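Report on one structure; see the data block that follows.
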Amino acid sequence: MKIYSRKHRQEGIPLVPMLDILTILLIFFIVHTELKHRVNVINLELPRTYHMAGQQDKAESLLLELGPDGSLVFDGKAIGAAELPEAVRRLHQADPDASIQFAASEAAAMGRFVEVLDCLTSAGLRVEQVPVRIDYRGK
């Protein structure tokens, strides 16, 4: 004689099917996630000035120009970035009151701009001491 016993119904949420669904979702999101790539270029919109008012200093002021092709012109003469710190040191030894103004072309690369500022810093100048203007020629 067979005796049937009544099976007790399990109460609660079945976890095994839920873990299967979560595993499938995790795999789906890992496969379809787009990884971010490191970008070395910073796109900056530099402010432009069209009219700059100011007063003339009595001290001599020399112009350092950064061209669109990355070329440097210091006091009317072409100069390399490696020679710039020594030229600035010589200038300050000859005339401690002389100042330098930095004019950069809008088309110049930002990396070259920062490199020139770094050269001026290595020559003993603080960045705040060098006024910078970005040359913008209307299109």
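Numbers here are sequence positions counted from 1. Just so you know, these numbers come straight off a predicted model, no measurement behind them.
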Please round to the nearest 0.5 Å and tell me the distance separating atom [atom1] of [X] and atom [atom2] of [Y].
{"X": "Met110", "Y": "Glu115", "atom1": "CE", "atom2": "CD", "value": "13.0 Å"}
{"X": "Leu26", "Y": "Ile30", "atom1": "CG", "atom2": "CD1", "value": "4.0 Å"}
{"X": "Glu83", "Y": "Cys119", "atom1": "CD", "atom2": "SG", "value": "10.5 Å"}
{"X": "Leu91", "Y": "Glu86", "atom1": "CG", "atom2": "CD", "value": "11.5 Å"}
{"X": "Phe28", "Y": "Thr33", "atom1": "CZ", "atom2": "OG1", "value": "9.0 Å"}
{"X": "Phe102", "Y": "Leu66", "atom1": "CZ", "atom2": "CG", "value": "5.0 Å"}

Show the nearest heavy-atom pair for residues [X] and [Y], with the distance to one decimal.
{"X": "Ile79", "Y": "Ala87", "result": "CD1-CB, 3.7 Å"}
{"X": "Gly67", "Y": "Ala108", "result": "O-CB, 3.6 Å"}
{"X": "Gly70", "Y": "Arg112", "result": "O-NE, 2.8 Å"}

Task: Single hit among Thr23, Ile24, Leu25 for side chain to side chain contact (heavy atoms under 4.5 Å, CB included) with Ile21 - done: Leu25
Open item on the list: So Leu64 and Val88, do their side chains get closer than 4.5 Å, heavy atoms only?
Closed with: no
